[in-house]
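Contents: one structure, followed by commentary.
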Protein chains: 2
Amino acid sequence: MQQKRTELSELGEFGLINRLKTYLPAQNYHANTITGIGDDCAVLDNGGDEYTLITTDILAENIHFDLAYTPLVHLGYKAVIVNLSDIVAMNGTPQQITVSVALSNRFSVEAIEEFYKGIKIACENYKVDLVGGDTTSSKSGFFISITAIGKVKKDKIVYRNGAKIGDIVCVTGDLGGAFLGLKLLSWEKEVFLANPEMQPELTGKEYPLQRQLRPEARLDMVLEWGNLGVKPTAMLDISDGLASEILHICEQSQVGAFILEENLPIDTEVFNTAVEHNLPPITCAMNGGEDYELLCTFSPQDFDKIRKKMPDLTAIGVIKEKELGAILQTNSKEQVKITAQGWKHF
Amino acid sequence: MQQKRTELSELGEFGLINRLKTYLPAQNYHANTITGIGDDCAVLDNGGDEYTLITTDILAENIHFDLAYTPLVHLGYKAVIVNLSDIVAMNGTPQQITVSVALSNRFSVEAIEEFYKGIKIACENYKVDLVGGDTTSSKSGFFISITAIGKVKKDKIVYRNGAKIGDIVCVTGDLGGAFLGLKLLSWEKEVFLANPEMQPELTGKEYPLQRQLRPEARLDMVLEWGNLGVKPTAMLDISDGLASEILHICEQSQVGAFILEENLPIDTEVFNTAVEHNLPPITCAMNGGEDYELLCTFSPQDFDKIRKKMPDLTAIGVIKEKELGAILQTNSKEQVKITAQGWKHF
């Protein structure tokens, strides 16, 4: 009997996750399992007034990072950050991580120490305890799997599904820099491969490079609006690109969204460098990914309380009826449907 | 300036872990971080009368498993078990897992579903909720990273460092089967590669194969001695081989151990098949690994309470003064020093 073979490329990442989700329905053997798959973190209730948040990510060499232009110390830092960012995206505070690596013997002990130096700096910057992990070899390639554990007061937790019609859609920081940084690095790699004598020309492009190589988790923002007594109605972190994340909020909150291109925060250096390379800045911002800023929605009342006090928070649109879908109004007043796809690695 | 390059093979797994441990001292930003690196699990105190246990493992293709002879459904099952076993080894009960995979596009969607079917069966058998994870691609190879979360009453937790002089050293189940199963499978693979027409001759060898392909976590034992009102003084699970685990208990408890070869529980099928292949059964039991049985020590008083009631628990020796070291008395009454090394993958 011929067995059916479906290629991964036919489904893509989101398609695969959906298929596995149907295949393996959320079980609930334990009353303390509050939320499983589908948000930035799993949520566990261990009693008391706080939830425990757990998130995990796997990073694969030449898929998520290229060691040709990624210093190992930055890689260690970023590998931690992408996980802390998921805790922050539930309005939580990260507290512990575990770090597992599989790596081939082409790495020296000193190289691995560089990687762990980056892990250590991230732990210090975010006051996170490294509590465990696993170290093993691989036949080829470097794989990193980090699990982050955090806390959030039960009445402060923010899911993806709480956005209401009329809520203000906001982002922290600015967008598109990490993607542009990646482009700059891969262009330089091509130049270098073509002619190893060429020196990289990256002066004046420090900001997008930093955004790519050494992102931060916006714990500062969560603490800031917490101190101002408000919390978002829905939130996630921008790892796959703004467009993709807006669609997640719309789908899970069962709402639509109206976003204004003119409001999207793009750093001047990022904007100019993108234009210089014939890359539309809006594409960097909407589809770039890896900025690890927060996409969040606030009730109009809550937004009023913080709009003047949080300069690093930008209103980019408003939540609308589901029927409207997710719409971007461009600077030329054209209204386009927001579309996005997951990583098309396969 | 020449940068120093130390090869991973110079250090080995334990050497690397020790070097990284010195490099990254245990921090303690959070009062709820009870124990970090150095035991089977990290231990977190979230208030109440229970600790939260967290453990994580990374499995790499052609290092930890060979898909030439590992059915994906068994691989999924085993990947969960090795993590649940670490929770059990702290005298705990596993409750949740996250599952992350990185895999190349040589896998079909149906193959991945087989893997997740194994995950699902393990979750059902052990009443564990699957609460999250990550799915990504890899340039080559299949990598699995699972994190397990569990609970243990604070007064029931068992570390590696609690063994006292005079305690009885015990193991659950029997030893060496998983290693022998692996040998049988790799021999069959060689035969098959030499002549693909050859049919595998594995009849009558089901037990060691099952031990290798579909191990279990001994949650049943933890529940059983819990019901009998006792707990071990020290414990870990046998993943790297009995010798290695005995040395861990001795080092962390600052004691010695005297083990009797004649007491080591080895299944008859395993014993006979090993002898048939000129493999000393004692080597399978001492250095084989992957049995996922428990090595535990009990006070003489506690051991008296359970010795007649737990037929699947075998006393194999006694804890002695540190100065004695770890000694195996062979069947010919020779006393040999127990030595072991971690996985020498690099």
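We name chains A, B, ... by the order of the sequence lines, and we start the count at 1 in each one.
- Side-chain contact of B:Ser145 with A:Ser145: a donor-acceptor pair under 3.5 Å is present, judged by distance alone.
- Contacts between A:Thr52 and chain B at a heavy-atom distance below 4.5 Å involve the side chain alone, from C-beta outward.
- Your options are A:Ile149, A:Leu59, A:Asn32, and the one with the most heavy-atom pairs under 4.5 Å with chain B is A:Asn32.
- When B:Val73, B:Leu72, B:Val99 are each tested for a side-chain contact (heavy atoms from CB on, under 4.5 Å) with B:Tyr116, only one passes: B:Val99.
- No more than 12 heavy-atom neighbours from other residues, nucleotides or ligands sit within 6.0 angstrom of NZ on B:Lys139.
- The greatest number of non-hydrogen atom pairs below 4.5 Å with chain B, out of A:Asp39, A:Ile112, A:Thr35, is found for A:Ile112.
- Using a 4.5 Å cut-off between heavy atoms, A:Ala42 contacts chain B through both its backbone and its side chain.
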Between B:Arg106 and B:Glu61, is the salt bridge (charged side-chain N to carboxylate O under 4.0 Å, His left out) condition met? List the steps. CA-CA 13 Å; B:Arg106 79 172 209 268; B:Glu61 185 178 352; 2.4 Å; yes
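- Residue A:Thr147 touches chain B through its side chain alone, counting heavy-atom pairs closer than 4.5 Å.
- More than 12 heavy atoms of other residues, nucleotides or ligands sit less than 6.0 Å from atom CD of B:Glu7.
- Heavy atoms closer than 4.5 Å to chain B are found in the backbone of A:Val101, but not in its side chain.
- Using cut-offs of 30° and 60° on the angle between ring planes, the pair B:Phe143 and A:Phe143 is parallel.
- Heavy atoms closer than 4.5 Å to chain B are found in both the backbone and the side chain of A:Ile58.
- The most heavy-atom pairs under 4.5 Å with chain A, out of B:Gly48, B:Ser100, B:Gly132, B:Ala60, come from B:Ser100.
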